[in-house]
Each structure stands twice: as C-alpha cells, then as structure tokens.
Protein chains: 2
Amino acid sequence: MQAQVFKAMGDPARLTLLSRLASGEGHTIGSLSENLGMSRQGARKQLQVLVAAELIELHKVGRETEVTINIGQLQQARAFIRELERQWDQRLSALKAFVEQTDPSSEADG
Amino acid sequence: MQAQVFKAMGDPARLTLLSRLASGEGHTIGSLSENLGMSRQGARKQLQVLVAAELIELHKVGRETEVTINIGQLQQARAFIRELERQWDQRLSALKAFVEQTDPSSEADG
DNA sequence: ACAATATGCAACCTAATGGTTGCATATAGC
DNA sequence: GCTATATGCAACCATTAGGTTGCATATTGT
C-alpha cells in the first residue's frame, strides 16, 4: 500500500538516509550508518524499514552490503500526491463552474 | 520538518481522509468519520494528526467543524520527493560523464 | 592462521501510536 | 426548555517503533 511508503519516509533519520543515497554520499550499510546520531544497529533498523517499503535495495558484495535507492518507488509516491492535487483542482473547477452557472453575476465583471 | 508530513500520510485511514477531502466527499468531522472502520473518536484522532502536520485545517461553524485540505503542504511534500529524484538524476549524469571521460570506449559504438 | 572489518541476529527497554469507552458540552430545532 | 446532533476531552489498553547492548559470523588482508 502507498501508506507504507509514506510511513517509511516519515522519519528524519530515514529521510537523511534517502537523501544521502540520492546525492551519492556512501552506498554501503557501514558508510550510511555514520553520523546519524545513533548506533550502527539503530541505523540498520531504519534501513530495514526502507527495504520493507521497497524504497531501497540491499545487495551483498563480499563482506559489505551495497545499498541502492529505488527511484521508482519515490516516483510512485510523488504520483500519488499529484493525483490528490489533481482531484482537488478538478473539484475547485467544478465548483467554480457550478457557481457561475447558478449565479451569472459572478462571471460578469465586478 | 518534512518528516512529519510524510509520517502523517503514512497511515491508510489518514490517506483515506485526505483522499475524501481532495475529491470533495464530505467536509465536516462527522461526515469524514463515517465508514472509516473505527469509532468517531478514533477518526478524530487521525484528523488531529493531519492537523498537526498542517495537511488539513479545522474551522468551527455552528455546531459542526469544517475540514479543509491544505494543498500547499501536499505540494511541498511532492517538491521534496522531486528534489530527491533530481539529485539522483544528477548523480547518474555525473557518473556517466565520468565514465565516458575515463573510458573513451564507452562513448564509441560497440 | 590471525586480526581487523562489515555485518547479522536477538533480547530488551521506553515512548509513541492507534484504538477504545465514558462522559461533558455547545448548538439547533421544535 | 427539552431533545437531538456534533463535537471535545480524558483515561485507558495493546501493539508498534525507535533505539540500545551483547554476541555470533563471514570476509579480507597480512
């Protein structure tokens, strides 16, 4: 569900992780876990939340694990928000049209 | 912070509320609280979370309370995601340019 | 083989979340 | 004024989240 993606994004530490990944600062669990204001295990848990929401993917390479961001999931989240905005705009348009139809004075000059 | 907005959107019931508001189904606390699969008080709590994230606003009118969606906050959330995507695209472009510069064979035909 | 590095797994704790119920209060309509 | 409606407020409860610590394990480099 969409909610899970937003929920995963609903935490400062996790947004920081996504931001780091998007801008290319570090791409292993270890490097990403630095300077997050929490232990490595704490950071690992946050990464797991992002994995569960399919916002990132983990791939083991030797003894380290590469982390890659899933841009597609971000795009879907953005599309969902855009759809809400679209519905709202449509509703406003419909309301405006209705008002102009029932109250002709509103479409004439003031 | 941005995280709070995403966090507020990270729940099915709250997404339903936002969707109803955007599409114009109901605009009072009472009407919005119907068919959410929880009690009125439960729904009220979820609405309060959206208020705290400034995704909606409440205005008392007589004995009922009007609920309006704050499209601006949705736009900001969307802009934040778009920015992440932009950074990622830039990173990819930079990487591509770097590879092409250091390894000229990659820009020639195969 | 051994030490260092990168990570995983699990138990544990506290605070926050999501939901309930019960009761109080203000407005509307007859 | 009385009744119904729309809402608020607070206590309570179970589950989840966010974070810690301790220990196990797999690679890597010498």
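Hydrogens, waters and symmetry mates are skipped; everything else that's a heavy atom, side chains included, is used. Just so we're on the same page: letters track the sequence lines, and every chain starts at 1.
- Between B:Lys7 and D:dA17 there is no side-chain polar atom (N or O) within less than 4.0 angstrom of OP1 or OP2.
- Between B:Leu47 atom CG and C:dT17 atom C1' the separation is 16 Å, expressed in whole Å.
- One finds the CD1 atom of A:Ile81 at 4.0 Å from the CD1 atom of B:Ile81 (value rounded to the nearest 0.5 Å).
- Nearest heavy atoms, B:Leu36 versus B:Ala43: CD1-CB, 3.9 Å.
- Dashed line: the shortest gap from a side-chain N or O of A:Gln46 to OP1 or OP2 of D:dG19 is under 4.0 Å.
- Contact check on B:Arg86 versus B:Glu83 returns a salt bridge, with a Lys/Arg side-chain nitrogen under 4.0 Å from an Asp/Glu carboxylate oxygen.
- Computed from coordinates, the B:Lys45 NZ to C:dT17 P distance equals 10 Å when rounded to whole Å.
- Rounding to whole angstrom units, CZ of residue B:Arg63 and P of D:dG8 are separated by 14 Å.
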(request) Apply side chain to side chain contact (heavy atoms under 4.5 Å, CB included) to A:Glu25 and A:Ser31, showing your working. (result) CA-CA 8 Å; A:Glu25 315 167 31; A:Ser31 59; over 6 Å; no

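- Remark: B:Gln48 is not in phosphate contact with D:dG8, judged by side-chain N or O atoms under 4.0 Å from OP1 or OP2.
- What separates CG of B:Asp11 from P of D:dT16 is a distance of 13 Å, to the nearest Å.
- Within the structure, a side-chain polar atom (N or O) of B:Ser39 is placed less than 4.0 Å from OP1 or OP2 of C:dT20.
- The distance from atom CD of B:Gln41 to atom P of D:dC9 is 11 Å, rounded to the nearest whole Å.
- Contacts of B:Gly42 with the nucleic acid, taken as non-hydrogen atoms under 4.0 Å apart, include base atoms.
- In the hydrophobic cluster analysis, where Ile, Leu, Val, Met, Phe, Trp and Tyr join through side-chain heavy atoms closer than 4.5 angstrom, A:Ile56 is grouped together with A:Leu74.
- Regarding contacts with the backbone of C:dT7, every side-chain N or O of A:Arg44 stays at 4.0 angstrom or more from both OP1 and OP2.
- Note on B:Arg14: a side-chain N or O is less than 4.0 Å away from OP1 or OP2 of C:dG18.
- Both A:Ala13 and B:Ser31 lie near DNA chain D, and the one whose nearest nucleotide falls closer to the 5' end is B:Ser31.
- We find that CG of B:Leu32 is positioned 12 Å from P of D:dG8, with the value rounded to whole Å.
- For A:Glu64 and C:dA4, the CD to P distance is 19 Å, given to the nearest whole Å.
- A straight line from CZ of A:Arg40 to P of D:dT21 spans 12 Å, rounded to a whole angstrom.
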